[in-house]
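Every chain is numbered from 1, with letters handed out A, B, ... down the list of sequences.
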Amino acid sequence: MERTSYLDYAATTPVDPRVVEAMLPYFTERFGNANSLYALGREAARALEDARERVARSIDAARPDEIIFTSGGTESDNTALIGLATAGGRSSGHIIVSAFEHHAVLEPAWWLGKHGFEVTELTPHPDGTVHPDDLAAALRDDTVLVSVMHGNNEIGTIQPIAELAAVTHAGGALFHTDAAQTLGKIEFDVAALGVDAASFSGHKIYGPKGTGVLYLKGGTRLSTYLMGGGQESKKRSGTQNVAGNIGFATALELMDAERPAEAPRLTALRDRLVSELLGEIEYAQLNAAEAPERLPHIANFVIPGVEGEAMLLHLDAAGIAVSTGSACSSGSLKPSHVLLSIGCPVEFAHGSLRVSLGRFTTDEDIDHLIGSLAPVVERLRSMNPLYEKTVAELAGTHE
Amino acid sequence: MERTSYLDYAATTPVDPRVVEAMLPYFTERFGNANSLYALGREAARALEDARERVARSIDAARPDEIIFTSGGTESDNTALIGLATAGGRSSGHIIVSAFEHHAVLEPAWWLGKHGFEVTELTPHPDGTVHPDDLAAALRDDTVLVSVMHGNNEIGTIQPIAELAAVTHAGGALFHTDAAQTLGKIEFDVAALGVDAASFSGHKIYGPKGTGVLYLKGGTRLSTYLMGGGQESKKRSGTQNVAGNIGFATALELMDAERPAEAPRLTALRDRLVSELLGEIEYAQLNAAEAPERLPHIANFVIPGVEGEAMLLHLDAAGIAVSTGSACSSGSLKPSHVLLSIGCPVEFAHGSLRVSLGRFTTDEDIDHLIGSLAPVVERLRSMNPLYEKTVAELAGTHE
Amino acid sequence: MIYSDKVMDHFGNPRNVGVLEDADGTGEVGNPVCGDVMKITIKVDDDRIGDIRFQTLGCGAAIATSSIVTEMAKGMTLAEAVAITKSQVAEELGGLPPAKMHCSVLATDGLKKAVDDYLVSQGREPIAVGTIAHDDPDFDPHAEEHDEACEV
Amino acid sequence: MIYSDKVMDHFGNPRNVGVLEDADGTGEVGNPVCGDVMKITIKVDDDRIGDIRFQTLGCGAAIATSSIVTEMAKGMTLAEAVAITKSQVAEELGGLPPAKMHCSVLATDGLKKAVDDYLVSQGREPIAVGTIAHDDPDFDPHAEEHDEACEV
Ligand SMILES: Cc1ncc(COP(=O)(O)O)c(C=O)c1O
Ligand SMILES: Cc1ncc(COP(=O)(O)O)c(C=O)c1O
């Protein structure tokens, strides 16, 4: 295969070599258990606490112990949803999540819905955002927790978290945000946003898979999710992944250091991608095109008359890695719950394309995708028995 | 500092350089998300499934999908206890655990005890084993789950798992074992033991921290603990830690390959340690000395008239890393629940010493410990205002 | 979820793509809301499938199963063609991921419909009616799919 | 949990270890079941602590707080000595991990007991009685300790 272009940074990122470098000594030499009292353990504890402080500094946490190291975005989300809802032994109440959350938030919310809690799913607007007014209307006296993601992983729209958190607090509930896609990509400041809890994932920021962080504002009660030896100030048990957590902190610092140059670079690449793709592919549309704010690195398209997986596999054969916006990139027929939630028709949701850019994306990658996509779409449309009908309908709706 | 001797392999192990080597490509080059359809994702999926097969082979699992990758022993234990007890929506029933389980088992058991279940804690015998007869007597019609650890992490005694599992099955319940300390150290064969579930931890076998496995026998119902994207056949969500899981599998294979030589080597080192330490330190005793079977690498002593942490810190100053058998090596005053459960008097439990050996332990390390321990004990006893009284009592009981 | 080499071959180089202008029978199954639609056209020669073409909107497995079923059917008697099972299709492709097994029904159903369409046009009795999953109001092509990991 | 350098210094090189043979006052607090016991002996000179020695069975913090309290007390008037608080002890050591704060009570209690023992032996009024935590039936030295990680 000639050129390969990785354009799925929202799915995962390579670990930056500088991050690997920072982790390496903690595998073999500085391998102590951070809970052990002797020198090797103290060295590990110091490195762990240093990593915690670096993460706290990056997100402007008030205190290092507001940073809880976890095994990833999923564990952070599960812990936040279930741990906050059931804190202090609470076994009922109302929680609100947006309908286009990641399943790592939706599933625990649904679990709570089956175990004594009531769950409201807030529908985002077609511009891909959750409106504070809608949240205000959904809040109830017994609402205990609201969770709305910061940047959506499929369509890249950014939610007005500060307003949503303020509305939530006015209603007397706690506010959690899943910021797995935003950390490092745009400014993330817990103090400015006013959130009580936030979830992050290492492998989205050029850190290792299997690492994550839950930010939990000091004084917020949480029922522990992983129970045992009482590590992480009794908030998350399990021998700490010292190397991984150092990797997380290092990766985050690199994101912060490079963001001033990287965010505009990615934004420009993305904007060129959007305009060229829409120009090149007949009937293609940008999803949530009216979004007031979007992440620099994600663009999601509907390509009518084409099925997502087939498109993805042909692009793969051309050396291009992208994802279809479908909720289940690998297996399910179900169209993306995110696209459906913003009003995308089901038959179009099956033909979505998510392109996500990152540290190693160049203009050539964009050219590669644009150049390869047109013939793939052409070919798949020519094999689509309904394509003429689809075009007729599109022509109808477009006039 | 001159020589340093790491003698706390039961707390954690260094990652073997061969394991690091195996993981490295999966950080930077083969970084794909194992759930992505394109080539990079398929490569990751293949590596992940290969790791799963290697683990399945090592423990003689019937099928690779009986292996669920987790973030560590703690998550495996939490998932097994809560996931098996509450499978299929069950919200009450009786569970049995041994009193000297790790807190990663005890805490979830106690949590179940507060959420509709009844919990029996089986007291082990002074020889450090849980007797099948006691289990048979404790089983009830409504017992749904029994969890007894394979090798105890403090005193190293091995439980008769095959008998315990058989008794449990005769009573119609499921059997889980925490084998974090035994995997790789002695033969572990799920088929021969007949367990329904077993927990393992990567950092105890020269693999990376933050990795673990839950073995779950095919067909066994489990309610998911970490919920979300549905990875690991919907049994454990969260983007898989491909590098870490490859590290786990590689580490386990190395343990298997080296065990025929390593187990007798460690046993001999340990036996020398025991006899020399008991000869050198007046009134010292080996805990659970009558155990029918013990792990090759763990020995736990009571040193009357000495407090554990103080002993540990003086040994640390001499370059020796050991642990005190106290349940809370770093902070708590509480004496070890393990030692108390086998009948060790509280005042002696405060003065326990766990020595655990591993891959890089040599005769010199044992000499180093023995040579350093006597003056430390001497010094601490001379500072103990009650030492004469203690000796008088010991003399009384020993006659 | 990984496709076999044979699936990838039939997906990347599908055989018998298109529409027969002077088809003797046409079968169309599926629904864009479900994400897959297949249209099959056949020429019948002496009660055998003389020529066959397909068009499919759908995933890799939908296209590959469509392609292989046209290859399998060509030259078969009509009775043989409608007897092709979804497991035979999957087997012929070297297996399908469990989440994709429903796709082989799409292909066999399309073929069955085309055969019956021909028979009915000839004033003969349809032979596949009753065995076409897509005609069953309770048929849910998604039923088997929920065993794969999702969001990335 | 990490001890400060000063704690480690006093633990590794404790000052004033031992028992004064001709002590004017003796204080003993703690309990082997709790894991720490301290015995303090003092010589009193003109209502000041003239000489002082301690013996302690206990963890690093117990030994370090014992050692520093003897240094702090030496030369103080009896009234000053019994007024030493557990926070002063912790502060003098450059801080203690939260789980170990209870150890500083052991040291101040031992000192208070020794002073009162001397006063009572002189037929005078004890001055520390009522402020000794270990004499309070509700006192639980473990109360503050549960904020540290455990098993390794
Ligand atoms: C928005 C969002 N939340 C949560 C997750 C889950 O994170 P992890 O894969 O680290 O478990 C992801 C990524 O998969 C994500 O994009
Ligand atoms: C017996 C036992 N179970 C569980 C654990 C917890 O494993 P992990 O540290 O990987 O969470 C340990 C080690 O800490 C252990 O020794």
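- Taking CD of A/Glu75 as the start and CE of B/Met227 as the end, the distance is 12.0 Å to the nearest 0.5 Å.
- Counting heavy atoms from C-beta on, the side chains of A/Asp8 and B/Ser36 come closer than 4.5 Å.
- Of the atoms belonging to B/Thr70, not a single heavy atom falls under 4.5 Å from chain A.
- By number of non-hydrogen pairs under 4.5 angstrom with chain A, the leading residue of B/Ile82, B/Asn78, B/Asn245 is B/Asn78.
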Inset, instruction - Check step by step if side chain to side chain contact (heavy atoms under 4.5 Å, CB included) holds for B/Arg42 and A/Asp316. - result: CA-CA 11 Å; B/Arg42 294 195 302 269; A/Asp316 176 44; 2.9 Å; yes

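- Here CD of A/Glu107 is found 7.5 Å from NZ of B/Lys234. Values are rounded to the nearest 0.5 Å.
- Using a 4.5 Å cut-off between heavy atoms, A/Leu226 contacts chain B through both its backbone and its side chain.
- Atom CG in B/Leu7 sits 9.5 Å away from atom OH in A/Tyr38 (nearest 0.5 Å).
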Return a table of donor-acceptor pairs under 3.5 angstrom between the side chains of residues 22-30 of chain B and protein atoms on other chains or two or more places apart.
{"from": "B/Tyr26", "atom 1": "OH", "to": "B/Arg30", "atom 2": "NH1", "distance (Å)": "3.0"}

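- With a 4.5 Å cut-off on side-chain heavy atoms, A/Phe31 and B/Thr13 do not count as touching.
- For chain B, the nearby part of A/Val322 is the backbone; its heavy atoms alone come within less than 4.5 Å.
- Applying the ring-ring contact (aromatic ring centres under 6.0 Å, His included) rule to A/Tyr225 yields the partners B/Tyr225; only residues at least two apart in sequence or on another chain are considered.
- Chosen from B/Gly247, B/Gly72, B/Pro108, the residue pairing most often with chain A at heavy-atom distances under 4.5 Å is B/Pro108.
- Contact detail for B/Arg236 and A/Ser71: the closest heavy-atom pair is NH2-OG, 3.4 Å.
- Within the model, atoms OG of B/Ser237 and CG of A/Asp77 stand 11.0 Å from one another, a figure rounded to the nearest 0.5 Å.
- Contacts between B/Ala321 and chain A at a heavy-atom distance below 4.5 Å involve backbone atoms as well as side-chain atoms.
- Annotation for A/Glu309 and B/Leu37: closest pair CG-CD1, 3.3 Å, computed over non-hydrogen atoms.
- Of all non-hydrogen atoms in B/Thr239 and A/His203, the two that sit nearest each other are OG1-NE2, 3.2 Å.
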